[in-house]
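Input: a single structure, listed below in structure tokens.
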Amino acid sequence: MTNIDDLFARWDAVDQYLEARYVPTEDVLETVLNNTEAADIRAINVAPNQGKMLMLFAQMCGAKRILEIGTLAGYSAIWMARALPQDGQIISLEYDPRHADVARKNIALAGFADKVDVRVGLAVDSLAQMVEAGEGPFDFIFIDADKPSNPQYLDYALKLSRPGTVIVADNVVRDGAVIDAHSSDPNVQGVREFNDLVAASPRLNATAIQTVGSKGYDGFALAIVLAE
Ligand code: SAH
Ligand code: DHB
Ligand code: MG
């Protein structure tokens, strides 16, 4: 039986191997991550190969309007912005004004200040306003904020969708804790409820995938909105 530390080291080494080939280091993204660390913000951004995966998903569905719930310091937003056409836009929702400040700086550094609109506030409030103002539909939605709110984020995501909208959610496995039906962790409860709702929604066709790598053991859910 392999020791868990050895496993983590191996996943990390394999991510380095893959990233050396598929996602070669870029100065601007290094600077973005350094700025994040310098601002004392926890590095809970997606890994480089996952960021590029989001970019590819957005490209695969020809996304012009992208919604992100959970900006942190802008790392995933920058990857998704790279998928956008000239007139494309991302609205990214963030609760912590300190995170939003660093994110705006990072996004400007990457050349996407005109494409990414970081909105500060509780995401549920921003989302309610967006529904009210008729700001949908989005082509691609990335859910990656506080996990207890995931069921509400799914509700709003559907309200801001059209048939064909792609929805991706991060962190749906949480080291495997997701299988604990009796977990008292509100993050686990939120993710479990989210998985149940997505899987049972007649408006979605969806799956979920476990991932290992430099960010540990987790997973993402992937869904497409069906015709009504
Ligand atoms: N998508 C980012 C990581 C997001 S981390 C990336 O991969 O680069 C989760 C973010 O959600 C944190 O910045 C946190 O402050 C924010 N967040 C937590 N609760 C929130 C809420 N209720 N509304 C909006 N943002 C929230
Ligand atoms: C956490 C949040 C994330 O979105 C993530 O990718 C990893 C960890 C967290 O809140 O611990
Ligand atoms: Mg995440």
Side-chain angles (χ1 to χ4, degrees), residues 8 15 23 28-37 39-55 57-58 66-83 90-107 109-110 112 116-130 140-157 167-178 183 185-191 194 208-222:
F8 268 86
D15 256 358
V23 205
V28 63
L29 292 179
E30 288 287 291
T31 306
V32 162
L33 293 178
N34 289 339
N35 291 344
T36 308
E37 194 182 355
D40 251 329
I41 296 173
R42 243 170 11 116
I44 55 173
N45 50 273
V46 294
N49 49 356
Q50 296 171 336
K52 191 160 183 184
M53 181 191 76
L54 292 173
M55 177 199 184
F57 283 163
I66 296 176
L67 170 63
E68 175 174 69
I69 308 174
T71 316
L72 195 69
Y75 187 77
S76 52
I78 290 167
W79 272 111
M80 293 188 288
R82 292 176 163 186
I90 300 182
I91 296 175
S92 185
L93 310 180
E94 174 55 52
Y95 172 67
D96 188 328
R98 225 171 38 90
H99 294 184
D101 279 351
V102 179
R104 289 191 184 108
K105 186 173 138 205
N106 280 335
I107 288 161
L109 205 68
F112 296 114
V116 186
D117 177 3
V118 179
R119 297 189 184 173
V120 176
L122 285 171
V124 284
D125 295 340
S126 302
L127 289 162
Q129 280 163 22
M130 290 171 67
F140 187 85
I141 301 177
F142 180 46
I143 301 176
D144 190 21
D146 54 312
K147 312 311 167 190
S149 303
N150 267 10
Q152 285 165 281
Y153 296 153
L154 177 65
D155 245 24
Y156 282 112
I167 301 174
V168 176
D170 193 22
N171 310 115
V172 300
V173 171
R174 316 269 328 175
D175 281 315
V178 70
S183 173
D185 181 343
N187 296 303
V188 173
Q189 289 172 358
V191 167
F194 177 83
I209 297 291
Q210 304 183 68
T211 57
V212 295
S214 60
K215 298 288 174 178
Y217 170 34
D218 215 318
F220 60 87
L222 181 62

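Every heavy atom of this structure was used, including side-chain atoms; hydrogens, water molecules and symmetry mates were not. We count ligands from 1, going down the list as the structure has it; atoms in each ligand are counted the same way. Since this is a predicted model, take the numbers as computed values, not measurements.
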A student checking ligand 1 against Asn45 at a 4.0 Å heavy-atom cut-off should list atoms 6 (C), 7 (O), 8 (O)
Among Arg42, Lys215, Lys147, the residue with a heavy atom nearest to atom 10 (O) of ligand 2 is Arg42
Ala208 and Val172 have their tightest heavy-atom pair at CB-CG2, 4.3 Å
If you scan protein heavy atoms around atom 6 (C) of ligand 1, the nearest is Ser76 OG, 3.0 Å
query = Would you say Glu94's side chain and Leu72's backbone share a donor-acceptor pair under 3.5 angstrom?
reply = yes
The protein heavy atom nearest to atom 12 (C) of ligand 1 is Glu94 OE1, 3.5 Å
Restricting Asp170 to its N/O/S atoms, the closest one to the Mg ion (ligand 3) is OD2
Exactly one candidate in Leu54, Ile44, Val46 meets side-chain contact (heavy atoms from CB on, under 4.5 Å) with Asp170; the answer is Val46
request  = Would you confirm whether Lys215, through its side chain, and Ala43, through its main-chain N or O, come within 3.5 Å as a donor-acceptor pair?
outcome  = yes
Atom 5 (S) of ligand 1: closest protein heavy atom, distance to 0.1 Å, is Ile44 CD1, 3.6 Å
Check: of Asp144, Ile44, Asp218, Val46, min heavy-atom distance to atom 4 (O) of ligand 2 comes from Asp144
| Counting N and O atoms only, with roles assigned by atom type, does the side chain of Asn106 sit under 3.5 Å from a partner on the main chain of Gly74, one being a donor and the other an acceptor? | no
Output for pair (Asn171 CG, Ile143 CD1), nearest 0.5 Å, gives 11.5 Å
The reported gap from CD1 in Ile69 to CD1 in Ile141 (rounded to nearest 0.5 angstrom) is 7.0 Å
Decide yes or no for Trp79 and Val23: does some side-chain heavy atom of the first lie under 4.5 Å from some side-chain heavy atom of the second?
yes
Original post:
Heavy atom of Gly121 under 4.0 Å from ligand 1?
Top reply: yes
Exercise for the section: Assess whether side chain to side chain contact (heavy atoms under 4.5 Å, CB included) is satisfied between Asp185 and Arg174, documenting all intermediate values. Expected result: CA-CA 11 Å; Asp185 181 343; Arg174 316 269 328 175; 5.5 Å; no
The reported gap from CZ in Phe140 to CE in Met55 (rounded to nearest 0.5 angstrom) is 12.0 Å
Whether Arg98 side chain and Ala39 backbone form a donor-acceptor pair below 3.5 Å
yes
In this structure, atom 20 (C) of ligand 1 is nearest to the protein heavy atom Asp146 OD1, 3.3 Å
Note: ligand 1 atoms sitting under 4.0 Å from heavy atoms of Leu122 are 22 (N), 23 (N)
Note: ligand 1 atoms sitting under 4.0 Å from heavy atoms of His99 are 12 (C), 13 (O), 15 (O)
With heavy atoms and a 4.0 Å threshold, my read on which part of Asp170 contacts ligand 1 is neither
Pairwise side-chain contact, Asn35 with Thr31, heavy-atom cut-off 4.5 Å (strictly under): yes
for atom 3 (C) of ligand 1, nearest protein heavy atom and its distance come out as Asp144 OD2, 3.3 Å
Do the side chain of Asp117 and the main chain of Ile91 share a donor and acceptor less than 3.5 angstrom apart?
-> no
Per residue Asp144, nearest N, O or S atom to the Mg ion (ligand 3) is named OD1
Exercise for review: Give a yes/no on ligand 1: does Trp79 have at least one heavy atom closer than 4.0 angstrom to it?
Suggested key: no
For Asp170, the atoms of ligand 2 under 4.0 Å from one of its heavy atoms are 6 (O)
Of all protein heavy atoms, the one nearest atom 7 (C) of ligand 2 is Asn171 ND2, 3.6 Å
Q: Look at Asn171 and state whether any of its N, O or S atoms is less than 2.8 Å from the Mg ion (ligand 3).
A: yes
Atoms of ligand 1 under 4.0 Å from any heavy atom of Tyr153, numbered from 1 in the order shown, are 21 (C), 22 (N), 23 (N)
Task: Residue Phe57 excluded, over 12 heavy atoms near CZ under 6.0 Å - done: yes
Check: of Ala145, Ala123, Ala47, min heavy-atom distance to atom 17 (N) of ligand 1 comes from Ala145
A student checking ligand 1 against Glu68 at a 4.0 Å heavy-atom cut-off should list atoms 1 (N)
Side chain to side chain contact (heavy atoms under 4.5 Å, CB included) evaluation trace for Gln50 with Asp15 | CA-CA 10 Å; Gln50 296 171 336; Asp15 256 358; over 6 Å; no
For Tyr95, the atoms of ligand 1 under 4.0 Å from one of its heavy atoms are 20 (C), 21 (C), 23 (N), 24 (C), 25 (N), 26 (C)
- Message: Between ligand 1 and Gln50, can you find any atom pair, the residue atom being a heavy atom, that is separated by under 4.0 Å?
- Response: no
Purely on distance, is any nitrogen or oxygen of Gly74 under 3.5 Å from one on ligand 1?
no
Atom 7 (O) of ligand 1: closest protein heavy atom, distance to 0.1 Å, is Val46 N, 2.9 Å
